[in-house]
Amino acid sequence: MTDAELRELLELTDPAEQKTLFASAYAEKLRHTGPNVSLRGLIEISNICRKNCFYCGIRSGNRKLKRYRVGKEEIVASALWAYRHHYGSVVLQSGETVSEEFTAFIESAVREIMERSEGKLGITLCCGEQESRVYERWRKAGARRYLLRIETSDPEFYGKLHPADHNFQARVNCLRRLRELDYQVGSGVMIGLPGQTTDQLVRDLRFFEESDLDMIGMGPYIPHEDTPLGRGIEMTQEYRNGQLGKGLRMIACTRLLLKDVNIAATTALQALADDGRERGLLAGANVIMPNVTDLSYRRRYQLYADKPNLDENSEESRDDLIRRIHSIGETILWDQHGDSRHYFNRKQKEQKT
Ligand code: SAM
Ligand code: SF4
């Protein structure tokens, strides 16, 4: 597809044309992953963050927030809950902390989850930018996948979304290093950021392509009132619909372009519409990350307004999710890691060359 064609698809407004786009992306998904959904139990392990991204509710500058870090035993207990409920894999996500103490903490949590699940639970980490030796230790401990969104692939725009000491190139370097360390590498962007253009989204799609990513985790931007970027944006129904549409069209274009990667239908879609994640699946996504964090922490990990499932425990969310996924004719891949096919395809190619 040319840039002009991608631009046109990303800007579709006609409902019938959008339906056609989603249907062809869904058909592409069926060809590569079948009518299947992989689940990752999401554990929000800490809202302590050294960064101050202008869009994020848990940025260091948000003094209203009480900070927490879940203890190791509780993290392992949540992971084992996901394991017993056949989720197949978990994601440990947190604000960015860089210290030997944090490195060792994650390392030991990953080891213990591996041991106590007899190596059967796949572990993804999403703990920000770290030094290479840190990624290496976590990989050796048993983590298989790492998510690090580039947020936007336009360095100049990145500069407008972050304070001056947040470095676009450092993030790109982290993605490269993760790949060298044999992680399945995931990245993504926020969609519908104030000031973002369609050309920038096209460039994001090209960035995904050129980086040969294994997984894409992206979602609509949702304002948070205690952030510089979100202050004063009114969440009208029209705004919600607009953000949701942009997010879904971006998922569809990503599936059409990247074909065999894992694409998440992220929680931000559900924050905009009750059936947002199912609509994400029908637009080409194949992964859902149900929150399995203990309820006592969830209110303190609000990246944006209207975070869903704040009061619904993991058991209730699970039952609801199963019903919803089945209602659109998809099957859950229980007890499977749900690895990225793209990862194995690129490994095969690398071996041949
Ligand atoms: N701190 C790590 C990092 O930034 O890579 C991982 C956790 S961070 C909370 C995970 C993702 O949340 C970010 O990559 C960002 O894209 C997303 N996020 C933050 N604020 C958001 C907002 N207002 N709307 C939508 N997504 C947001
Ligand atoms: Fe911290 Fe990640 Fe939020 Fe940026 S997006 S403030 S790094 S938690």
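This is a predicted model, so every value here is computed, not measured.
In this structure, a donor-acceptor pair under 3.5 Å is present between the side chains of Asn345 and Asp260. In this model, no donor atom of one side chain and acceptor atom of the other lie less than 3.5 Å apart for Tyr146 and Asp214. Of the N and O atoms on the side chains of Gln200 and Asp204, not one donor lies less than 3.5 Å from an acceptor on the other residue. One side chain, Thr198 or Glu11, offers a donor N or O that lies under 3.5 Å from an acceptor on the other. No hydrogens or angles considered: a donor-acceptor pair under 3.5 Å links the side chains of Asp294 and Ser296. Thr152 and Asp154 share no side-chain donor-acceptor pair at under 3.5 Å. Side-chain N/O atoms of Asn47 and Arg67 include no donor and acceptor closer than 3.5 Å.
Between the side chain of Ser94 and the main chain of Ile45, no donor-acceptor pair closer than 3.5 Å is present. Of the possible polar contacts, one joining the Thr266 side chain to the Met218 backbone as a donor-acceptor pair under 3.5 Å is found. A distance-only check finds no donor-acceptor pair linking the side chain of Arg50 to the backbone of Thr97 [under 3.5 Å].
The distance from the CD atom of Glu151 to the OG atom of Ser187 is 7.5 Å, given to the nearest 0.5 Å. Summarising the geometry, atom OG1 belonging to Thr254 is positioned 14.0 Å from atom NZ belonging to Lys29; distances are rounded to the nearest 0.5 Å. The distance from the CG atom of Leu80 to the NE2 atom of His85 is 11.5 Å, given to the nearest 0.5 Å. One finds the CZ atom of Arg279 at 10.0 Å from the CG atom of Leu272 (value rounded to the nearest 0.5 Å). The CD1 atom of Ile123 sits 9.5 Å away from the OG atom of Ser89 when rounded to the nearest 0.5 Å. Remark: Thr124 OG1 to Arg40 CZ distance equals 5.5 Å, nearest 0.5 Å.
Counting non-hydrogen atoms of other residues, nucleotides and ligands closer than 6.0 Å to CD of Glu209 gives a total above 12. Atom CD of Glu350 is surrounded by more than 12 heavy atoms from other residues, nucleotides or ligands within 6.0 Å. Counting heavy-atom neighbours within 6.0 Å of Glu5 CD, excluding the residue itself, gives a total above 12. In the displayed structure, Lys19 atom NZ is contacted under 6.0 Å by at most 12 heavy atoms of other residues, nucleotides or ligands. Counting non-hydrogen atoms of neighbouring residues, nucleotides and ligands closer than 6.0 angstrom, the CD atom of Glu156 reaches no more than 12 such neighbours. Under a cut-off of 6.0 angstrom, the local environment of CD in Glu100 is crowded, with over 12 non-hydrogen atoms contributed by other residues, nucleotides or ligands.
A salt bridge between Glu330 and Arg277 is absent, with no side-chain N of the basic residue lying under 4.0 Å from a carboxylate O of the acidic one. Under the 4.0 Å criterion applied to side-chain N and carboxylate O atoms, Arg177 and Glu180 are assigned as salt-bridge partners. The pair Asp339-Arg145 counts as a salt bridge, with a side-chain nitrogen and a carboxylate oxygen less than 4.0 angstrom apart. With respect to the salt-bridge test (charged N to carboxylate O, under 4.0 angstrom), the residues Arg171 and Glu129 qualify. With respect to Arg324 and Asp275, no salt bridge is recorded, no charged nitrogen being found less than 4.0 Å from a carboxylate O.
In this structure, the side chains of Phe157 and Arg203 stay at 4.5 Å or more apart for every pair of heavy atoms. In this structure the side chain of Phe105 never reaches within 4.5 angstrom of the side chain of Ser99, judged on heavy atoms. Side-chain contact between Ile48 and Phe102 is absent, with no heavy-atom pair separated by less than 4.5 Å. The closest side-chain heavy-atom distance from Glu225 to Pro223 is not below 4.5 Å. With a 4.5 Å cut-off on side-chain heavy atoms, Leu321 and Leu39 count as touching. In this structure, Arg59 and Pro228 have side chains that are in contact, with non-hydrogen atoms separated by less than 4.5 Å.
In this structure, Leu248 is a member of the same hydrophobic cluster as Ile191, with clusters built from ILVMFWY side-chain heavy atoms closer than 4.5 Å. Criterion: ILVMFWY side-chain heavy atoms under 4.5 Å apart, direct or through other members. Under it, Ile106 and Leu181 are part of a common hydrophobic cluster. Following chains of ILVMFWY side-chain contacts shorter than 4.5 Å, one can reach Ile43 starting from Ile288, so the two form part of one hydrophobic cluster. Using a 4.5 Å cut-off between side-chain heavy atoms of Ile, Leu, Val, Met, Phe, Trp and Tyr, with links allowed through other members, Tyr343 and Phe208 fall into different hydrophobic clusters.
When each of His342, Arg346, Lys349 is tested with Asp212 by the rule side chain to side chain donor-acceptor pair (under 3.5 Å), just one qualifies, namely His342.
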Determine whether Tyr55 and Tyr221 satisfy the following criterion, ring-ring contact (aromatic ring centres under 6.0 Å, His included), listing intermediate values before the conclusion. CA-CA 8 Å; Tyr55 44 82; Tyr221 161 73; 7.3 Å; no
